[in-house]
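Structure in structure tokens, see below.
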There are 2 protein chains.
Amino acid sequence: MVRKRVTLAQVAAEAGVAVSTASLVLGGRAADVRISAAAQERVQAAAERLGYRPNAVSVGLRKGRTSTLGFISDSVASSRLAGEMIKGAIEAARDRGFMVFVGETGGNVTLERQLLEAMVDRQVDGVILAALLTHGRELPDGLDQTPAVLLNIAVDDCGDLPVVLPDELQAGRDAAAALIDAGHRDIHLVGSGPGREDVRTISVAAKLRLDGILEVLTAHGLEPASGRAINQWLPPEGYAAVESILESGTPGAIVCFNDRLAMGVYQALQDHGLRIPDDVSVVSFDDASIAGWLRPGLTTVALPHRTMGKRAADVLIDVIEHHRATPDERGPHGVQLVPMPMRVRGSIRDLSA
Amino acid sequence: MVRKRVTLAQVAAEAGVAVSTASLVLGGRAADVRISAAAQERVQAAAERLGYRPNAVSVGLRKGRTSTLGFISDSVASSRLAGEMIKGAIEAARDRGFMVFVGETGGNVTLERQLLEAMVDRQVDGVILAALLTHGRELPDGLDQTPAVLLNIAVDDCGDLPVVLPDELQAGRDAAAALIDAGHRDIHLVGSGPGREDVRTISVAAKLRLDGILEVLTAHGLEPASGRAINQWLPPEGYAAVESILESGTPGAIVCFNDRLAMGVYQALQDHGLRIPDDVSVVSFDDASIAGWLRPGLTTVALPHRTMGKRAADVLIDVIEHHRATPDERGPHGVQLVPMPMRVRGSIRDLSA
DNA sequence: CTGTTAGCGCGTTCAG
DNA sequence: CTGAACGCGCTAACAG
């Protein structure tokens, strides 16, 4: 069933040259050593005829580089967004000739160590350490054995490692600005706030989004009409928040800290006979699948997971190929902030129109 | 920055023995050759002290086996479900000491070939070929170069390859039975039907689900009150279907062919002032994230993606380790049907209560 | 310009 | 019971 692979030696024999000659020709370095055109021709033909493909394992052993990356995250399956991050990384890697091992820890630190070891054992050229659930965290031992990039992980001491993060602060500003530019002044927060310190969740996203929102509100002489720090950002919590807001009258606009909260907000508003965006405007964060399925479509600031994954792989490969980001010459790395684009759908009413 | 790896030779030197001796001890084959307890002790200690880990690339080259799998699918990021499939495969692989390369084709056949080649070049021990979008399809060339398993791919000629599929037929039966057991008789179909041939979509799932539903209905002397074959299974289509159904009165129960259709059905029912499950019962397929977020929770027959991924990896590793599933001795492989469990939430009203 | 030689790190004979 | 020697498939020195 499994056909035997053709080796370089067989190609050389077929072409009637030495192995090293074949190696040079096939390695594209024939020009350097000026091998006769005839020999080159014969080698190429033989390789073609036999269907020769270099054995990457052998090359890896010889060169000490395997053109292989490791991607370790705490969750690959939790959402479409997680998948996008991996997808971006895999695609960028492929475009540069790298394959990637994917591992998932579920937040288990021991497992993380084991995966890292398993990958280092397989001589990966570098590792992307990513997170979707956990944000603040410790870095595993053994990360110093290989080039590495942190993806969506904010740590106090990143030890000179490149870090790729979404620009949550700017996203917060953009969300608030979208509402204010449309003429809104009565702005309620669901998920965090109203004060700068009202962030009960572990996520750093919450804090930065809130900071951005408050910065813009303040700049316009405003403050949130209300705010609710919530630990679980799921539909039921969004639903409950709206019921609580409605006790003091109909809100003009609501900023939800993620799309799942927004879904609950939609449900509650609907149950109370309020229309979006005619009665209430809503803006949110993440751009999860539901954002496009809700009616009306939810205007939301997208988490650019795909781009982040791509960026992480690109940075890592740069480090690998150019030996950049060493402790002394940091170069263009460090923290890379990826912009979060606004997806404008139909949930904000323009009062100035 | 990158610490040099410790080699077996260094361990042997440190322990004052020959490399082969160290190899035997560390390979757990000391008993076979009866190596002196003292030497064993010294080797183990040296390995421990130096933090020795075998170089998997070298072992791969030497043994021709790399403890590595390839996972190629048309989409890793399209949904949480896709991620679950990969996750299941990765976990099962890890439990048996394998790492997995993940590749994504986006349905591009050329890319698929290239990925397959890249993996075979890296000497993967086997490949899982998976699909989420495409169902009927051609098998790529080069799949005969390595052990392989088909995951969620139904092909006419699978060429003796093991295949893992969800049991959609039984799922159809279960969905219909859930409604009938609850006393429903007025059953409408959204996505396919009403006739056996009214399946416009490419997916085989549609056909099997429909067959299962019709089988049970027929067994009870019933037929669908209505049915709609739809190509796109998204919320707007579900919404439109309900509006069409309502022209002939309020339906008793609706079977949606997937959860996204069901979401549209929920929205339409709500917009028309109908309550679920009091006025209309709904059952669906897939168990996507939204199924749990909708209010009331959607009762749905789950696609067991996680289990399927796990099964595929297990079958593949069985083949690799025991040389099973060769053309002549098929063994327990062939088509593996994974049961689709019913997730009972709150969208079916029990009329008999 | 080409062929011979020497490893990369490991497992496996086969003599001592 | 142990060590020396060979080769997995390939690349990179070095001679010829």
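Any value given below was found using the heavy atoms of this structure, including those in side chains, with hydrogens, waters and symmetry copies removed. So you know, we letter chains A, B, ... as the sequences are listed, proteins then strands, and number each from 1.
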**Prompt:** Which heavy atom in A:A131 sits nearest to a heavy atom in A:I153, and how many Å separate them?
**Reply:**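 Between these two residues, the closest heavy atoms are CB-CG1, 3.5 Å.
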
**Request:** Could you check which residues of residues 37-49 of chain B get a heavy atom under 4.0 Å from DNA chain C? Sort them by number, please.
**Result:**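 Within this stretch, nothing sits under 4.0 Å of the strand.
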
**Asked** Considering the options B:I317, B:T66, B:L316, which one meets the side chain to side chain contact (heavy atoms under 4.5 Å, CB included) requirement together with B:F98?
**Response**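 So, applying the side chain to side chain contact (heavy atoms under 4.5 Å, CB included) to B:F98 and each of B:I317, B:T66, B:L316, only B:I317 qualifies.
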
**Message:** Tell me if a side-chain donor or acceptor on B:R122 pairs with a main-chain N or O of B:A118 at a distance below 3.5 Å.
**Reply:**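 Confirmed, B:R122 side chain pairs with B:A118 backbone.
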
**Prompt:** Which of the following nucleotides, C:dC8, D:dC8, C:dG3, is nearest to the side chain of A:V17?
**Reply:**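 So the side chain of A:V17 is nearest to C:dG3.
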
**Request:** Would you indicate which nucleotide in D:dA12, D:dC10, C:dT12 comes nearest to any side-chain atom of A:K63?
**Result:**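 Closest nucleotide among those given: D:dA12.
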
**Request:** Please report, rounded to the nearest Å, how far the C1' atom of C:dC10 is from the CG atom of B:L26.
**Result:**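 B:L26 atom CG is separated from C:dC10 atom C1' by 11 Å.
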
**Message:** Assuming nearest nucleotide by heavy-atom distance, tell me which of A:L8 and A:L24 is located more 5' along DNA chain D.
**Reply:**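 Looking at DNA chain D, the more 5' nearest nucleotide goes with A:L8.
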
**Item:** Presence of B:T21 side-chain N/O under 4.0 Å of D:dT2 phosphate oxygens OP1/OP2
**Value:**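 No.
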
**Short side-chain N/O contact from B:Y52 to OP1 or OP2 of C:dC10, under 4.0 Å** =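 Yes, within the criterion.
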
**Message:** With a 3.5 Å distance limit and no angle check, can you tell me whether B:R311 reaches the backbone of B:V164 through a side-chain donor-acceptor pair?
**Reply:**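 No, B:R311 side chain to B:V164 backbone: no donor-acceptor pair under 3.5 Å.
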
**Request:** Kindly state whether the ring of A:F71 and the ring of A:F101 have centres lying under 6.0 angstrom apart.
**Result:**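 Distance test on ring centres: not under 6.0 Å, no.
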
**Request:** Take atom CZ of B:R62 and atom P of D:dC10, then tell me their distance rounded to the nearest Å.
**Result:**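 Nearest whole value for this atom pair: 16 Å.
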
**Request:** State, to the nearest 10°, the angle formed by the axis through the first five base pairs of the helix from C:dC1-D:dG16 to C:dG16-D:dC1 and the axis through its last five.
**Result:**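 Between the first-five-pair axis and the last-five-pair axis there is 60°.
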
**Request:** Mind checking B:V57 for me? I need base, sugar-phosphate or nothing, with any heavy atom below 4.0 Å counting as a touch.
**Result:**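 Contact class for B:V57: none.
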
**Prompt:** Which listed nucleotide (C:dG11, D:dG9, D:dT2) is nearest to the side chain of B:S36?
**Reply:**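 Of the options given, the side chain of B:S36 lies nearest D:dT2.
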
**Request:** To the nearest Å, give me how far apart CZ (B:R53) and C1' (C:dC10) are.
**Result:**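 It works out to 15 Å between those atoms.
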
**Item:** Atom-pair distance (CG on B:L61; P on C:dG11), nearest Å
**Value:**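 Roughly 12 Å, once rounded to whole Å.
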
**Message:** Using a 3.5 Å distance criterion without hydrogens, assess whether the side chain of A:D121 forms a donor-acceptor pair with backbone atoms of B:N55.
**Reply:**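 No: the side chain of A:D121 does not pair with the backbone of B:N55.
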
N/O donor-acceptor pairs under 3.5 Å from side chains in residues 83-95 of chain B, not counting sequence neighbours:
unit_1	atom_1	unit_2	atom_2	d
B:K87	NZ	A:E104	OE2	3.3
B:E91	OE1	B:R306	NE	3.3
B:E91	OE1	B:R306	NH2	3.1

**Asked** Charged N to carboxylate O below 4.0 Å: is that the case for B:R42 and B:E14?
**Response**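 Result for this pair is no, no salt bridge flagged.
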
**Message:** If you go through the side-chain atoms of A:S20, does one of them form a donor-acceptor pair with the base of D:dA13 closer than 3.5 Å?
**Reply:**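 Absent.
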
**Residue A:S58, side-chain atoms from C-beta onward, closest of C:dG11, D:dC10, C:dG3** =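 Closest of the options to the side chain of A:S58: D:dC10.
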
**Request:** Test salt bridge (Lys or Arg N to Asp or Glu O under 4.0 Å) on B:D318 and B:R96 and set out the steps.
**Result:** CA-CA 10 Å; B:D318 283 348; B:R96 300 181 65 170; 3.0 Å; yes

**Message:** Under 4.0 Å, counting only non-hydrogen atoms across every strand here, what does A:T7 touch: a base, just sugar-phosphate, or nothing?
**Reply:**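 Sugar-phosphate, backbone atoms only, no base.
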
**Test item: B:N152 side-chain N/O and B:L132 main-chain N/O as donor-acceptor pair under 3.5 Å** =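 Absent.
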
**Message:** As a test of reading the structure: which of D:dC8, C:dT2, D:dG3 is closest to the side chain of A:I35, going by heavy atoms?
**Reply:**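 Looking only at heavy atoms from C-beta outward on A:I35, the closest nucleotide is C:dT2.
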
**Prompt:** To the nearest angstrom, how far is A:Q10 atom CD from D:dG9 atom P?
**Reply:**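 So the CD-P distance, A:Q10 to D:dG9, works out to 8 Å.
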
